[in-house]
Amino acid sequence: MSDGEHFLSGGPNNHPACHRTAKSHVDPQSVENFRRKLKYFFMSPCQKYRARGRKPWKMMLQILKIAIITFQLVSFGLSNEMMVTFKEGNIVAFKHFFLKNYQDRNKDYALYTKHEVHDHILYIINRVSYLHLQDLTVDNHAFERIDEVFTPLSVCQELYRHANILPVNETFDIDPHVETECLYFYPFSLFKKDDLENDMNLTLDFQRLLAVNIYLKVKAINLQTVHYKELPDCYDFAINIKFDNHAHSGKIKITLRSDVQIKVCKDWNVSGSNLHYQLIVLFDCVVICSCLLSLILCTRSVYKGVLLQFEYITFASIYHNKRVCWSERMEFINGWYILIIISDTLTIAGSILKICIQSKELTNYDVCSILLGTATMLVWTGVMRYFSFFQKYYILILTLQAALPNVIRFSFCAVMIFLSYCFCGWIVLGPHHENFRSFNTVANCLFSMINGDEIYSTFTKIRDKNDLVWMFSRMYIYTFVPLFTFMILSLFIALFTDTYETIKRYQKHGAPLSELQAFIAECKDPPNSGKYMVDEESSTFWCLCAPCVNCT
């Protein structure tokens, strides 16, 4: 009895009467046609071309998509790079303009005396009090103005409600509730230092003082995009200069941060830019149409796979009285098509957003870059599907696919041990080492140590601590590095190595076949035999799966 007859056979009491009657009258040719239909479904594009002369449109479309989507990403990446460099350049310029005696090498910009704090605050206010900012800066900057009124500079103090601290007596009386007091200064004229200090009435109670925050808003226009035939954007910089005294350690650290809001300029005119803009929009429309066509074709293929899956499930249930396991069911669902569908969806959404950005309707650069970047990554990964028809080139994906279950189980144990070291290092070494100051920095440091980085610097930065911490740090690092580098990482690599050897052995001697693959393997008709030249939509489903119906 052949495997196909065995697949169709069953015990006399395993089926209803209708099914038993059908098996005795089953048409072997219908079974063979169904087997041939399954074999055609799992053929490669080249085999399908030899079988029915159908050109591999989806494959050619995916190759075309790689080229146009990559070009689109590079084009948008250049625009995004100009936006990022403009923002970073402005922040550096603001630090030099508003922070007194600031140097680029000053990573720890701090003050230590009351006179320095007053002097720096007066310096900032005096800078902002000058109306024509463009006359001072080398770029086109201006203070924000709403309804012909300039937005004022705000100097806000964060203070304890009450504080009386006497270190000499080792006593203190404090109310920890925080209050905020603000003064506002409008840019209208250039103050003299003495007049400004008298007029602003700013007093600082350093016993109560937690922080001084200075807020101001500056506008700018990114003109460098004009050289690339793109329309400039308008930028609103919400600057916050903070004098941080929360630690009350005698050191007030100064930081300058800026929240940037990109807006569409209200009135613009760039001569000779229309043609270039129209070509960019036209190219984006071509990308959208290509991805939409790919989305339709891949969705259609997934849908046909689902229908064929149900047909096979019913066929196996009626004639073999067996349930098809999920691993066999998932063979009908091509995961690469799902990946391409996700990629096409992200590309279409990102391209629409890119058109809105190019037309200055929106300015969501970050969202657009995430959509297009992820889509491009998936497009390049999705082409790996076509390597699956060449087993020697597909060995990487086969190895990852086969090793994934064991890797996931192994990773759970490794992550638990890694987190235990993170928590321990954060609590014990955090007060003594900057690489362990927060949980995030601990995780970054330990992950770097697994890869051979930060080991020596981690050792040397803790040399001057007390003996107990020094001894613990050595034991901590001496156990972590061998455990993860020599043991866990080696076992992790061994999982892939063992799976790789198994895959190579299968390629030489053949891999075990599932029941579905064994059933399909009985069809010995080659693709160019001419027996596949039938109507693709015709199906033996009802003749096979409705055996009580008289099929002729």
Side-chain angles (χ1 to χ4, degrees), residues 86-102 106 108-111 114 116-137 139-161 177-191 193 195-206 208-222 233-247 251-263 363:
F86 182 76
K87 291 195 301 184
E88 293 179 349
N90 274 272
I91 292 176
V92 173
F94 294 148
K95 290 181 179 180
H96 282 273
F97 186 76
F98 293 111
L99 302 183
K100 187 175 182 180
N101 300 326
Y102 177 81
N106 289 347
D108 189 11
Y109 188 70
L111 305 176
K114 297 179 180 180
E116 289 179 336
V117 175
H118 280 95
D119 189 48
H120 277 70
I121 294 176
L122 295 177
Y123 179 84
I124 296 171
I125 296 175
N126 194 39
R127 284 286 196 178
V128 178
S129 298
Y130 193 70
L131 179 61
H132 301 290
L133 187 62
Q134 290 180 337
D135 294 341
L136 294 179
T137 64
D139 196 9
N140 296 315
H141 292 101
F143 294 115
E144 183 183 56
R145 186 170 57 183
I146 300 176
D147 296 331
E148 303 300 327
V149 178
F150 285 99
T151 301
L153 173 143
S154 304
V155 180
C156 297
Q157 299 183 60
E158 296 179 10
L159 304 163
Y160 288 128
R161 182 178 296 175
H177 291 87
V178 178
E179 297 178 340
T180 302
E181 300 177 358
C182 294
L183 294 175
Y184 301 95
F185 300 90
Y186 289 86
F188 59 91
S189 63
L190 185 63
F191 283 110
K193 181 177 179 179
D195 296 337
L196 176 60
E197 189 171 0
N198 295 329
D199 293 343
M200 73 176 184
N201 193 24
L202 176 64
T203 57
L204 300 177
D205 187 352
F206 286 92
R208 300 168 53 205
L209 183 66
L210 292 173
V212 177
N213 289 289
I214 300 178
Y215 303 97
L216 64 150
K217 292 186 177 181
V218 177
K219 289 180 172 290
I221 300 177
N222 186 5
D233 290 318
C234 291
Y235 290 71
D236 288 352
F237 294 93
I239 302 173
N240 174 26
I241 303 173
K242 184 173 184 178
F243 295 73
D244 191 356
N245 192 39
H246 282 80
K251 171 184 174 181
I252 296 182
K253 188 175 181 180
I254 303 178
T255 57
L256 186 148
R257 293 182 175 87
S258 177
D259 293 331
V260 183
Q261 184 179 6
I262 305 175
K263 294 183 177 180
T363 55

Can you tell me how far [atom2] of [Y] sits from [atom1] of [X], rounded to the nearest 0.5 angstrom?
| X | Y | atom1 | atom2 | result |
| --- | --- | --- | --- | --- |
| Asp236 | Gln261 | CG | CD | 5.5 Å |
| Phe97 | Tyr123 | CZ | OH | 7.5 Å |
| Glu158 | Cys182 | CD | SG | 9.0 Å |
| Lys95 | Ile241 | NZ | CD1 | 11.0 Å |
| Ile91 | Ile239 | CD1 | CD1 | 9.0 Å |
| Leu210 | His246 | CG | NE2 | 4.5 Å |

(request) Please check if atom CZ in Arg161 has more than 12 non-hydrogen atoms from other residues, nucleotides or ligands closer than 6.0 Å. (result) yes
(message) I'd like to know whether CG of Asp205 has more than 12 heavy-atom contacts from other residues, nucleotides or ligands below 6.0 angstrom.
(response) yes
Is the shortest heavy-atom distance from the side chain of [X] to the side chain of [Y] under 4.5 Å?
| X | Y | value |
| --- | --- | --- |
| Leu204 | Lys114 | no |
| Phe98 | Ile214 | no |
| Phe243 | Leu111 | yes |
| Asp244 | Thr255 | no |
| Gln157 | Leu209 | yes |

For [X] versus [Y], what's the shortest heavy-atom pair and its separation?
| X | Y | result |
| --- | --- | --- |
| Tyr109 | Asn101 | CE1-O, 4.2 Å |
| Lys217 | Ala238 | CG-CA, 4.3 Å |
| Phe206 | His118 | CE1-CE1, 4.0 Å |

(request) May I ask you to decide if the ring planes of Phe237 and Phe86 are parallel, tilted or perpendicular, using 30° and 60° as cut-offs? (result) tilted
(message) For Ile254 and Leu256: C-alpha separation, side-chain torsions, deciding distance, then whether side chain to side chain contact (heavy atoms under 4.5 Å, CB included) applies.
(response) CA-CA 7 Å; Ile254 303 178; Leu256 186 148; over 6 Å; no
